[in-house]
Amino acid sequence: MRHWLILISASLPLCAQLARPIASYDIRATLDADKHVISGEQTLDWVNDSPDTVPTLQFHLYMNAFRNSRSTFFRESGGQLRGDRAAEDGWGWIQVESMKLEDGTDLTARIQCIAPDDGNRDDCTVIEVPLPEPVKPGAALRVRMKFTTQLPKVFARTGYSGDFHLAGQWFPKIGVWETKGFRRAEKSGWNCHQFHANSEFYANFGDYRVELTVPSRFVVGATGELVRRTEDAKRGTSTYVFVQPSVTDFAWTAQPGFLRFERMFEAAKQTTQEELAAAARLHGIGIEDVRLSDVKMIALIQPEHAEQTERHFHALAAALKHFGLWYGRYPYRTITVADPPYGAGGAGGMEYPTFITAGTSYKAPADVLMLEIVTVHEFGHQFWMQLVASNEFEESWLDEGFNTYSTGKIVDRVYGGT
């Protein structure tokens with residue numbers, strides 16, 4: 001089940017505490033930059049935190065939405081999303097090569113594609129795996145998997161364009177077991193929707209450790225903190241290790257041309273005592289409870305957009321400050337914003353935990369605030385839905401609704417409106 005953060009009243013900030021992990025991943029992946037293929041293996045540690053005995057596992061294979069024109073996503077969308085069109089020669093897919101339990105029990109032959117929403121036999125964005133022994137309440141399960149992901153040409157929040165890669169929804173991702181009565185569920189079972197034309201995503205909190213091996217000429221950005229980078233001169237590759245506790249997803253990007261910049265959001269310099277006192281009075285709590293945390297801001301910028309770098313950082317700092325004062329301090333140590341290149345617009349304007357993609361153009365006049373609006377908005381999803389942990393698929397108003405309102409308030413406050 002998801003961890004919900006409680007809104008004590010409409011005027012109180014969110015209690016931005018890290019949630020107990022339910023679905024944690026240790027992933028090792030290698031990018032073939034010429035074929036745009038990711039070869040991966042992962043260990044999933046899943047905890048049955050429900051009172052139910054769970055007989056099967058269900059996983060999202062989101063990338064299979066792009067494997068042919070008969071998937072539910074393509075049937076519903078006609079190959080279009082947000083004004084972007086899928087390339088006719090740009091298919092993508094994901095294949096689970098093997099699945100085993102910790103004791104060596106091989107589940108691979110048990111994997112079956114299912115279509116719980118519409119019965120589409122040509123859709124394989126959800127798989128189900130019957131277990132040899134059900135998972136009892138409170139028990140944990142460790143599953144080891146190998147998988148291959150072919151990225152599509154950039155479309156619908158993921159893919160490649162030239163040597164730019166954005167890996168979103170790229171690994172086998174377990175669904176959410178919901179017990180009867182949770183979010184009005186009529187019976188216990190897996191909440192594991194197919195990938196639809198207007199889908200968003202829903203997952204448990206977990207701790208992530210991800211090793212990414214890419215050609216050494218690539219610059220990499222991802223969810224979480226970079227804790228180690230090693231070089232293999234013989235193979236010409238670099239391996240990055242990112243770690244992030246208590247998030248619902250992991251995404252990453254890689255491109256040789258990125259310019260990488262860092263700035264620190266220093267809370268003591270960004271907020272005044274008067275602002276902290278005002279926030280404390282507004283919420284009826286002490287000043288110490290509204291103090292914000294320092295956050296490393298990382299920007300991956302296209303060279304032709306270098307002069308816009310400080311605008312990205314200013315927007316991130318504004319969002320960290322005002323979301324923090326209004327809804328609770330941002331609890332993570334980093335936030336990364338990636339600027340997709342020309343021709344990869346389908347990868348722009350998207351949110352993942354501690355990692356967002358923005359959107360701009362070669363010439364973006366300072367009085368045209370699209371860059372700022374997109375950056376603030378995508379950061380806002382760190383609160384709506386990430387920290388609040390709503391189901392974007394079924395309850396979009398708790399995500400886009402609250403976040404759009406919050407974005408407008410910040411843009412008005414910081415930039416004087418649009």
Exercise. Tell me, with the steps shown, if Asp123 and Arg70 meet salt bridge (charged side-chain N to carboxylate O under 4.0 Å, His left out).
Key: CA-CA 7 Å; Asp123 190 83; Arg70 301 183 303 278; over 6 Å; no
Quiz item: Taking the six-membered ring where the residue is Trp, are the ring centres of Trp384 and Trp326 under 6.0 Å apart?
Solution: no
Quiz prompt | Heavy-atom side-chain contact between Leu259 and Leu300 under 4.5 Å | solution = no
Quiz item: Do the non-hydrogen side-chain atoms of Val376 and Phe379 ever get within less than 4.5 Å of each other?
Solution: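 Not in contact.
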Salt bridge (Lys or Arg N to Asp or Glu O under 4.0 Å) partners of [X], counting only residues at least two apart:
{"X": "Asp26", "result": "Arg28, Arg209"}
{"X": "Glu351", "result": "none"}
{"X": "Asp45", "result": "Arg142"}
{"X": "Glu400", "result": "none"}

Practice problem: Carefully, step by step, assess Phe313 and Phe261 under the rule ring pair (Phe, Tyr, Trp, His ring centres under 6.0 Å). | Solution: CA-CA 9 Å; Phe313 282 128; Phe261 302 94; 7.1 Å; no
Quiz item: Residues in side-chain contact (heavy atoms from CB on, under 4.5 Å) with Pro21, at least two apart?
Solution: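 So Pro21 forms a side-chain contact (heavy atoms from CB on, under 4.5 Å) with Ser24, Asp207.
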How long is the span from the [atom1] atom in [X] to the [atom2] atom in [Y], to the nearest 0.5 Å?
{"X": "Tyr342", "Y": "Gln302", "atom1": "OH", "atom2": "CD", "value": "13.5 Å"}
{"X": "Leu141", "Y": "Asn48", "atom1": "CG", "atom2": "CG", "value": "9.5 Å"}
{"X": "Ile356", "Y": "Thr336", "atom1": "CD1", "atom2": "OG1", "value": "9.0 Å"}
{"X": "His314", "Y": "His312", "atom1": "NE2", "atom2": "NE2", "value": "13.5 Å"}

Exercise. From the options Thr125, Asp118, Asn64, select the one residue that forms a side chain to side chain donor-acceptor pair (under 3.5 Å) with Gln194.
Key: Asp118
Exercise. For Val96 and Ile127, run side chain to side chain contact (heavy atoms under 4.5 Å, CB included): C-alpha distance rounded to whole Å, both residues' side-chain angles, the deciding distance at 0.1 Å, then the answer.
Key: CA-CA 10 Å; Val96 177; Ile127 58 172; 4.2 Å; yes
Self-check item: Identified ring-ring contact (aromatic ring centres under 6.0 Å, His included) counterpart of His196 within the set Phe73, Tyr62, Phe393
Solution: Phe393
With sequence neighbours left out, what residues match [X] under side-chain hydrogen bond (donor to acceptor under 3.5 Å, both in side chains)?
{"X": "Thr30", "result": "none"}
{"X": "Tyr25", "result": "none"}
{"X": "Tyr332", "result": "Gln386"}

Is any side-chain N of the basic residue among [X] and [Y] closer than 4.0 Å to the acidic one's carboxylate O?
{"X": "Glu266", "Y": "Lys321", "result": "no"}
{"X": "Lys173", "Y": "Asp249", "result": "yes"}
{"X": "Glu394", "Y": "Arg183", "result": "yes"}

Exercise. Scan His381, Glu378, Gln382 and name whichever one has a side-chain contact (heavy atoms from CB on, under 4.5 Å) with Asn403.
Key: His381
Quiz item: Among Asp339, Val368, Val374, which residue meets the side-chain contact (heavy atoms from CB on, under 4.5 Å) test with Thr360?
Solution: Asp339
Self-check item: Intermediate values then yes/no, side-chain hydrogen bond (donor to acceptor under 3.5 Å, both in side chains), Thr56 and Glu128
Solution: CA-CA 7 Å; Thr56 68; Glu128 185 168 53; 3.2 Å; yes
Practice problem: Check the angle between the aromatic planes of Phe171 and Tyr208 and answer parallel, tilted or perpendicular using the 30° and 60° thresholds. | Solution: perpendicular
Quiz prompt | Parallel, tilted or perpendicular: ring planes of Phe155 versus Phe74, cut at 30 and 60 degrees | solution =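 Judged by the thresholds at 30° and 60°, the geometry between Phe155 and Phe74 is tilted.
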Exercise. Go through the steps to decide whether Val220 and Val214 satisfy the test side chain to side chain contact (heavy atoms under 4.5 Å, CB included), and finish with yes or no.
Key: CA-CA 8 Å; Val220 175; Val214 303; 3.7 Å; yes
Quiz prompt | Exceeds 12 heavy-atom contacts within 6.0 angstrom, atom CZ of Arg260 | solution =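 Yes, CZ of Arg260 has more than 12 neighbouring heavy atoms, counting only those of other groups under 6.0 Å.
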Quiz prompt | More than 12 heavy atoms from other groups under 6.0 Å of CG on Asn198 | solution = no
For residues 147-154, please give each side-chain donor-acceptor pair under 3.5 Å, one per line with the distance, not counting sequence neighbours.
residue: Thr148; atom: OG1; partner: Glu97; partner atom: OE2; Å: 2.9
residue: Thr149; atom: OG1; partner: Trp170; partner atom: O; Å: 2.8
residue: Gln150; atom: NE2; partner: Lys35; partner atom: O; Å: 3.1
residue: Gln150; atom: NE2; partner: His36; partner atom: O; Å: 3.3
residue: Lys153; atom: NZ; partner: Asp89; partner atom: OD1; Å: 3.1
residue: Lys153; atom: NZ; partner: Asp89; partner atom: OD2; Å: 3.1

Self-check item: Worked check of salt bridge (charged side-chain N to carboxylate O under 4.0 Å, His left out) between Glu310 and Arg263
Solution: CA-CA 9 Å; Glu310 295 307 321; Arg263 300 285 187 276; 2.4 Å; yes
Exercise. Assess the side chains of Thr213 and Thr239: does a donor N or O sit below 3.5 Å from an acceptor N or O?
Key: yes
Exercise. May I have the step-by-step check of side chain to side chain contact (heavy atoms under 4.5 Å, CB included) for Glu178 and Tyr202, ending in yes or no?
Key: CA-CA 12 Å; Glu178 294 184 337; Tyr202 180 42; 2.6 Å; yes
Practice problem: Determine, stepwise, if the pair Arg311 / Glu372 fulfils salt bridge (charged side-chain N to carboxylate O under 4.0 Å, His left out). | Solution: CA-CA 7 Å; Arg311 291 174 62 182; Glu372 287 79 5; 2.7 Å; yes
Self-check item: Non-hydrogen atoms of Ile38 and Ala167 that approach each other most closely
Solution: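 Closest approach of Ile38 to Ala167, heavy atoms only: CD1-CB, 4.0 Å.
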Quiz prompt | Heavy-atom closest pair, residues Gly175 and Asn204 | solution = O-OD1, 3.8 Å
Practice problem: Apply disulfide (SG to SG under 2.5 Å) to Cys192 and list each qualifying residue two or more places apart in sequence or on a separate chain. | Solution: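 Residues passing disulfide (SG to SG under 2.5 Å) with Cys192: none at all.
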Exercise. Assess whether side-chain hydrogen bond (donor to acceptor under 3.5 Å, both in side chains) is satisfied between Tyr352 and Thr357, documenting all intermediate values.
Key: CA-CA 8 Å; Tyr352 302 96; Thr357 63; over 6 Å; no
Practice problem: Verify side chain to side chain contact (heavy atoms under 4.5 Å, CB included) between Glu392 and Leu398, making sure each step is shown before the conclusion. | Solution: CA-CA 7 Å; Glu392 292 179 283; Leu398 287 172; over 6 Å; no
Practice problem: Kindly state each residue pair satisfying disulfide (SG to SG under 2.5 Å) with at least one member in residues 77-127, sequence neighbours excluded. | Solution: Cys113-Cys124
Exercise. Could I get the full list of ring-ring contact (aromatic ring centres under 6.0 Å, His included) partners for Phe218, not counting sequence neighbours?
Key: His165
